[in-house]
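Reviewing the structure listed below.
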Amino acid sequence: MSARTSPAGRPIAIRRAVARDAKRLTRLVRGSGAYRGQYAGAVAGYRVGPDYLEAHRVFVAVGADDPGGPVLGFYSLVLAPPELDLLFVADEAQGRGIGRLLVAHMRSEARAAGLDRVRVVSHLPAEGFYHRVGAVRTGTALANPPAVPWDRPEFEFRIPPE
């Protein structure tokens, strides 16, 4: 587990997700304010199961003083092909720099895995966030109805060697 301080000055720990986190991650995804209204269908039946946690590099952000406490955010790095599959910050934790910490951690994990780039298909409302954390727009992922009936911006994180 690595401890960092968010820009808001609160100590945040990032640790590997474990099976007991699965239900909490599923609730975080389904309850995300970014997926209300027209976007609700994209996450309505979404499930982050223990099998998913085992198959991918999934990390959660928690308060450093309470590593078993509420999940403030999480990400999932798929190695082949390299993709940031999921990145969510709890609505009540947004604006505290947790997303930025998760991206920095993801880049470190990608570098350690020998990756030189990581693809991201973004949710439309998250496009500005990915620009701010250094992702480069590479194209557009076309709609895939009925689950995702809108085009989405596609980005790439370039992972320079140390």
Side-chain angles (χ1 to χ4, degrees), residues 1-7 10-30 32 34-35 42-43 46-64 66-90 93-94 96-142 144 147-148 152-162:
M1 183 164 53
S2 64
R4 302 173 187 210
T5 301
S6 75
R10 294 185 174 96
I12 302 296
I14 298 176
R15 64 166 172 79
R16 188 80 184 246
V18 295
R20 72 177 180 273
D21 293 319
K23 287 182 181 177
R24 294 192 292 175
L25 301 185
T26 296
R27 280 194 302 270
L28 199 156
V29 169
R30 290 183 184 177
S32 173
Y35 284 90
V43 296
Y46 201 88
R47 178 180 168 272
V48 180
D51 52 335
Y52 182 89
L53 300 178
E54 197 172 304
H56 305 295
R57 293 186 183 200
V58 182
F59 290 86
V60 298
V62 295
D66 189 11
V71 172
L72 303 173
F74 78 100
Y75 77 87
S76 171
L77 176 62
V78 175
L79 296 181
E83 183 171 1
L84 177 61
D85 187 38
L86 300 170
L87 173 63
F88 281 85
V89 175
Q94 290 183 12
R96 294 175 31 196
I98 293 166
R100 188 173 291 278
L101 288 175
L102 288 168
V103 166
H105 190 275
M106 179 278 300
R107 289 179 140 193
S108 178
E109 283 293 310
R111 185 176 298 108
L115 303 177
D116 65 352
R117 58 194 67 233
V118 174
R119 175 181 182 248
V120 179
V121 176
S122 175
H123 179 49
L124 286 169
E127 184 173 6
F129 167 78
Y130 285 112
H131 277 294
R132 288 189 303 276
V133 296
V136 176
R137 177 88 188 248
T138 57
T140 301
L142 299 178
N144 184 17
V148 185
R152 294 156 295 154
E154 190 170 336
F155 291 91
E156 183 175 89
F157 284 103
R158 301 206 172 114
I159 312 296
E162 284 189 303

Do F88 and Y35 make the cut of ring centroids closer than 6.0 angstrom? yes

To the nearest 0.5 angstrom, please state how far the [atom1] atom of [X] sits from the [atom2] atom of [Y].
X	Y	atom1	atom2	value
L101	L72	CG	CG	10.5 Å
F74	L25	CZ	CG	5.0 Å
L102	E109	CG	CD	11.5 Å
R152	S122	CZ	OG	9.5 Å
H105	R57	NE2	CZ	10.5 Å
R111	M106	CZ	CE	10.0 Å

Validation row: R15, F59 side chains within 4.5 angstrom (heavy atoms): no

Do the side chains of T140 and P153 get nearer than 4.5 Å, heavy atoms only? no

Which heavy atom of [X] sits nearest a heavy atom of [Y], and at what distance?
X	Y	result
L86	V48	CD1-CG2, 4.3 Å
A17	L53	CB-CD2, 3.9 Å
A61	I12	CB-CG2, 3.9 Å
A19	P50	CB-CB, 4.0 Å
V78	H56	CG2-ND1, 3.5 Å
G69	V62	O-CG1, 4.2 Å

With a 3.5 Å distance limit and no angle check, can you tell me whether [X] reaches the backbone of [Y] through a side-chain donor-acceptor pair?
X	Y	value
D66	G63	no
R132	G128	yes
R30	Y46	yes

For the residue pair H131 and F155, categorise the inter-ring angle as parallel (less than 30°), tilted (30 to 60°) or perpendicular (more than 60°). perpendicular

Indicate the ring-plane relationship of Y130 and F157, choosing parallel, tilted or perpendicular according to the 30° and 60° boundaries. perpendicular

Apply the test side-chain contact (heavy atoms from CB on, under 4.5 Å) to residues D21 and R24: give CA-CA distance (whole Å), side-chain angles for both, the deciding distance (0.1 Å), then the verdict. CA-CA 5 Å; D21 293 319; R24 294 192 292 175; 2.7 Å; yes

Would you mind checking if R137 and E156 are paired as a salt bridge, meaning a charged N to carboxylate O distance below 4.0 Å? no

What I want to find out is whether D85 reaches R119 closely enough, with some N-O distance under 4.0 Å, to be called a salt bridge. no

Determine, step by step, whether D116 and R158 satisfy the side-chain contact (heavy atoms from CB on, under 4.5 Å) criterion, reporting the C-alpha distance in whole Å, the side-chain angles of both residues, the deciding distance to 0.1 Å, and the verdict. CA-CA 6 Å; D116 65 352; R158 301 206 172 114; over 6 Å; no

Would you check, one step at a time, whether the test side chain to side chain donor-acceptor pair (under 3.5 Å) holds for S76 with Y52? CA-CA 9 Å; S76 171; Y52 182 89; 2.6 Å; yes

